[in-house]
Structures are given as structure tokens and as C-alpha cells.
Amino acid sequence: MRRRSRRGLPSVLTAVAACALAAACGGTASSGQADPSSSPPAPSSSPATSAPAPSGGTAPPSGANPVVVAAGDISPRCTADRCGARATSDLVLSIDPAAVLALGDLQYPAGALSDFRSYYDKTWGRFKGRTFPAPGNHEYITEGAQGYFDYFGPAARREGRSYYSFDLGEWHLIALDSMAAHDPGSDQVAWLKADLAASRHRCVLAYWHHPRFSSGRQHGNDRSVSTFWKALYAARAEVVLAGHEHNYERFEPLRPDGRPAQGGLRQFVVGSGGASHYAFGPAVPGSAFRNNTDFGVLRLVLGPQGYGWRFVNTDGVVLDSGTGGCH
């Protein structure tokens, strides 16, 4: 079903009040607050569609505003208590989300299957059954990202593709592969446009590894993924998640050209999964919050008319939070 043409965005406060997210998600941006809740909010009156269970795991229950957790750039060759991946995985377990969105560069240095089994599996592998992964550049250092695909199995290659979509609650979620061809004439971009046109869900979240916009000094903006951004903007999607830069950065809603817009996409760069930290350069236009000193995860509550976010560090402190509405 074709999504509605782009119109004015309803008030965020109105949308949030309608789906009861304000209390669950922390209101406007904030810092230095302990996270008082790790369980999903009370069920909404709207029916929900469970996501398919990856790798034989159990699908999340329907009838609630699902909580999802996201991060990328996760696991070096380390399993000790001091490892960042151990700390972030403990945090995920304490949050107990319905789904985990893994944003690429999940196992360093090359995404080898033996390393996935020896390191990632002992930390983030503890919730593999509810992980919906997207690959990064380090996975593809191993030819064809074979270690990644062998480790995650069908969860990483649905219907023979490294990109896929699924529904969770009232949201449509799309995992893309920014290492596979994504030029305007590519199969992946054609699939994305068709998938967006077919979705009946008002609220849309997409994720992949390379951020379109970033203030990071190591990599910065990646213009190649503007093909994803243009298709998502045209379909009135809400949220984009990425990694690659080893830091956390939140943006204001942006148009494909990077200009702030009420109906734009809000991007979160969450390369804070445990590998290391990268420095920031000058803030690029639209950047609203930055942190490159903490490992942590992005916690999202997905309601029927909006969403709430919290960036939580491994001490359980909420460093950034807020709410947004669906278009």
C-alpha cells in the first residue's frame, strides 16, 4: 500500500501524549540521570504484530509498546570483565528488550567465524535469538562476510538477501547493507522502495552501518547512503540508526540534503557498543548531541504514534533522552 504524501508533522507533544510515551521515555533531551526503568511500558490498546524470531529465537510478545536496543562497533578480541562489549551486553540484558538491532562491525578485526564464536558469542551472543543484525565493513574483510552470515544464519540473510524488513508493534523496521551495492539503480534500492510502498505501518525505522551524517573525525559523512535516505524521506519514515564512528551522536530531523526539516529523518549514530572511542571534529549542521567518552546503547520505545529514546551508558546513566512523533 502506498504511504501517504508528505504533509505537516503533528505536534510531537500531541503524538507522545496519545501513545503514552512521555513518562516511559524521559521527555526532552537530558543528561546525567540514572535510568529508573528497564522493562517495557504498559501495553497499549492497539494490537501489535510480533517480529519474526531470528535464529530460532522466541518472537517478542504482541500487545505492548516494544522496547528495542541498538548499537554497533562492538566486539574486539576480548572477553574479560573490563571489555566494553561485556559491559554493554550486561546493560542490554538488564534492559531486556524485545529486539536488539546490531548496527555492523560486530566482531573485530575481520568478522571471522572463529572470532564471532570466541568473543562476540560470549557477550552479545547471549541474546542472539532476538538480534536483528546488519553487517559493517569489518564483516566484509572476510570474503563475502561469510563469518557473519555463518554465525547469524537465516537471521542475517532472509530470502537470500543481506537486507530485510520486519514489523514490530506498530512499526516497520528495515535492516540495510551499506556494504552491498546501493547506487540508484541497484537491486537493494529498488527493493527498499518497493518495501516502503508495500508497508501499511505509519511508523518506520531503518538501520545500517555507515552514517549519512556524522561529526566524527575518523570517517565523517557518507554521501553514498543518500540513496537510502532519499527513499526513506520520500516514504515519510521517522528514524535512521547507524554506527561506524565509535561514538554516539544524535541529529535533528533532516532532509536528504542535510537541512533541518519538521518532516525529516532523525539519525542516531550509535557506534558505542564497546570497541573503542573516536574523536569528534567540528559539529556538522543538525548535530544535536555528541558523546565519545562512554560505551552504551540506544534504548527506544516504539509506540503506535511516536517513539522515545534514551542513550544509556554502562553505569546505567541516561546521557541523552527525548521523544518524537510519527509522520
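Worth knowing before you read on, the calculation uses all heavy atoms, side chains too, and leaves out hydrogens, waters and symmetry mates.
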So, Asp115 and Arg77, do they make that salt bridge, N to O below 4.0 Å?
-> yes

Side chain of Arg158, backbone of Tyr164: donor and acceptor closer than 3.5 Å?
-> no

Around atom CG of Asp187, are there more than 12 heavy atoms of other residues, nucleotides or ligands at under 6.0 Å?
-> no

How far does CH2 of Trp171 sit from CG of Asn65, to the nearest 0.5 angstrom?
-> 11.0 Å

With a 4.5 Å heavy-atom cut-off, do Ser215 and Arg290 have their side chains touching?
-> yes

Does one side chain, of Asn247 or Asn292, offer a donor that lies under 3.5 Å from an acceptor on the other?
-> no

Transitively linked via ILVMFWY side-chain contacts under 4.5 Å: Phe268 with Val317?
-> yes

Answer whether the closest heavy-atom distance between the side chains of Phe213 and Leu254 falls below 4.5 Å.
-> yes

Name the orientation class of the two ring planes belonging to Phe152 and Phe116 (parallel below 30°, tilted from 30 to 60°, perpendicular beyond 60°).
-> perpendicular

Side-chain donor/acceptor of His182 to backbone N/O of Ala180, under 3.5 Å | yes

With a 4.5 Å limit on heavy-atom distance, are the side chains of Leu93 and Arg126 in contact?
-> yes

Identify the heavy atoms of Pro109 and His138 that sit nearest to each other, and give their distance.
-> O-ND1, 2.6 Å

Using the side-chain contact (heavy atoms from CB on, under 4.5 Å) rule, pick out the option among Val239, Leu205, Val301 that qualifies with Tyr307.
-> Val239

Walk me through it: do Asp183 and Val189 pass the test side chain to side chain contact (heavy atoms under 4.5 Å, CB included)?
-> CA-CA 7 Å; Asp183 58 274; Val189 170; over 6 Å; no

Kindly compute the distance separating OG1 (Thr79) from CG (Asp121), expressed to the nearest 0.5 Å.
-> 11.5 Å

Partners meeting salt bridge (charged side-chain N to carboxylate O under 4.0 Å, His left out) with Glu143 (sequence neighbours left out) | none

Straight-line distance of Ser75 OG to Gln107 CD, nearest 0.5 Å = 4.0 Å

Please tell me if the side chains of Trp191 and Ile174 come closer than 4.5 Å, counting only heavy atoms from C-beta onward.
-> yes

Assess the pair Phe228 and Tyr163: is the distance between their ring centroids shorter than 6.0 Å?
-> no

Validation row: Glu170, Arg202 side chains within 4.5 angstrom (heavy atoms) | no

Geometric class of the Phe127/Trp124 ring pair [parallel <30°, tilted 30-60°, perpendicular >60°] = perpendicular

Any donor-acceptor pair under 3.5 Å linking the side chain of Gln267 with the backbone of Arg250?
-> no

Should Tyr119 and Pro76 count as side-chain neighbours, where that means a heavy-atom distance under 4.5 Å?
-> no

Take atom CZ in Arg255; do more than 12 heavy atoms of anything else shown fall under 6.0 Å from it?
-> yes

Around Arg223, counting heavy atoms of other residues, nucleotides and ligands shown, do more than 12 lie under 6.0 Å from its CZ?
-> no

From NZ (Lys193) to OG1 (Thr227), nearest 0.5 Å = 8.5 Å

Nearest-0.5 Å distance, CG of residue Leu192 to NZ of residue Lys230 = 13.5 Å

Would you kindly confirm whether Leu113 and Tyr108 end up in one hydrophobic cluster when ILVMFWY residues are joined by side chain heavy atoms under 4.5 Å apart?
-> no

What about the rings of His277 and Phe295, do their centers lie closer together than 6.0 Å?
-> yes

Run the side chain to side chain contact (heavy atoms under 4.5 Å, CB included) check on Val68 and Leu302 step by step: do they pass?
-> CA-CA 8 Å; Val68 302; Leu302 305 180; 4.1 Å; yes

For side chain to side chain contact (heavy atoms under 4.5 Å, CB included), just list the numbers for Asp167 and Leu173, CA-CA rounded to whole Å, side-chain angles, deciding distance to a tenth of an Å, and then say yes or no.
-> CA-CA 6 Å; Asp167 296 328; Leu173 282 74; over 6 Å; no

Pairwise side-chain contact, Arg200 with His172, heavy-atom cut-off 4.5 Å (strictly under) | no

Atom CG of Asp195 and atom CD of Gln188: how far apart are they, to the nearest 0.5 Å?
-> 11.0 Å

Kindly indicate, with the supporting measurements, whether the criterion salt bridge (charged side-chain N to carboxylate O under 4.0 Å, His left out) is fulfilled by Asp96 and Arg130.
-> CA-CA 10 Å; Asp96 192 23; Arg130 47 180 155 162; 2.8 Å; yes

Work out which heavy atom in Val225 is nearest to a heavy atom in Pro211; give both atom names and the distance.
-> CG2-C, 4.2 Å

Kindly state each residue pair satisfying disulfide (SG to SG under 2.5 Å) with at least one member in residues 78-159, sequence neighbours excluded.
-> Cys78-Cys83

Salt bridge (charged side-chain N to carboxylate O under 4.0 Å, His left out) with Arg86: which residues, sequence neighbours excluded?
-> none

Taking the side chain as C-beta and beyond, is there a heavy-atom pair between Phe289 and Tyr248 under 4.5 Å?
-> yes

For Val204, does its backbone N or O pair with a side-chain atom of Glu238 as donor and acceptor, under 3.5 Å?
-> yes

Is there a donor-acceptor pair under 3.5 Å between the side chain of Thr123 and the backbone N or O of Ser89?
-> no

Answer yes if the side chains of His244 and Ser214 hold a donor-acceptor pair under 3.5 Å, and no otherwise.
-> no

Backbone N or O of Arg236 within a donor-acceptor pair of the His327 side chain at under 3.5 Å?
-> yes

Could you pull out the closest heavy-atom pair between Ala102 and Tyr207, with the gap in Å?
-> O-CE1, 4.4 Å

Minimum heavy-atom separation for Arg310 to Ser321, with atom names?
-> CG-CB, 3.9 Å

Same cluster (ILVMFWY, side-chain, under 4.5 Å), Leu298 and Phe280 | no

Any donor and acceptor pair, going by atom type alone, linking the side chain of Ser287 with main-chain N or O of Ala283 inside 3.5 Å?
-> no

In terms of ring plane angle, is the pair Trp208 and Trp229 parallel, tilted or perpendicular, where the classes change at 30° and 60°?
-> perpendicular

Is the NZ or CZ atom of Lys128 both under 6.0 Å from the centre of the six-membered ring of Tyr151 and within 45° of that ring's axis?
-> yes

Is a side-chain N or O of Asn291 found less than 3.5 angstrom from the main chain of Asp294, in a donor-acceptor match?
-> yes

Shortest non-hydrogen contact from Asp105 toward Glu139 | N-OE1, 2.8 Å

Determine whether the side chains of His246 and Ser276 contain a donor N or O and an acceptor N or O closer than 3.5 Å.
-> yes

Is the side chain of Asn313 donor-acceptor paired with the backbone N or O of Leu319 at a distance under 3.5 Å, no angle test?
-> no

Side chain to side chain contact (heavy atoms under 4.5 Å, CB included) between Phe311 and Arg299: does it pass, once the steps are laid out?
-> CA-CA 6 Å; Phe311 177 60; Arg299 178 184 184 269; over 6 Å; no

Over all heavy atoms of both residues, which pair between His210 and Ser178 is shortest? Give the atoms and the distance, please.
-> ND1-OG, 2.6 Å

For Thr131 and Pro133, indicate whether the former's side chain and the latter's backbone hold a donor-acceptor pair under 3.5 Å.
-> no

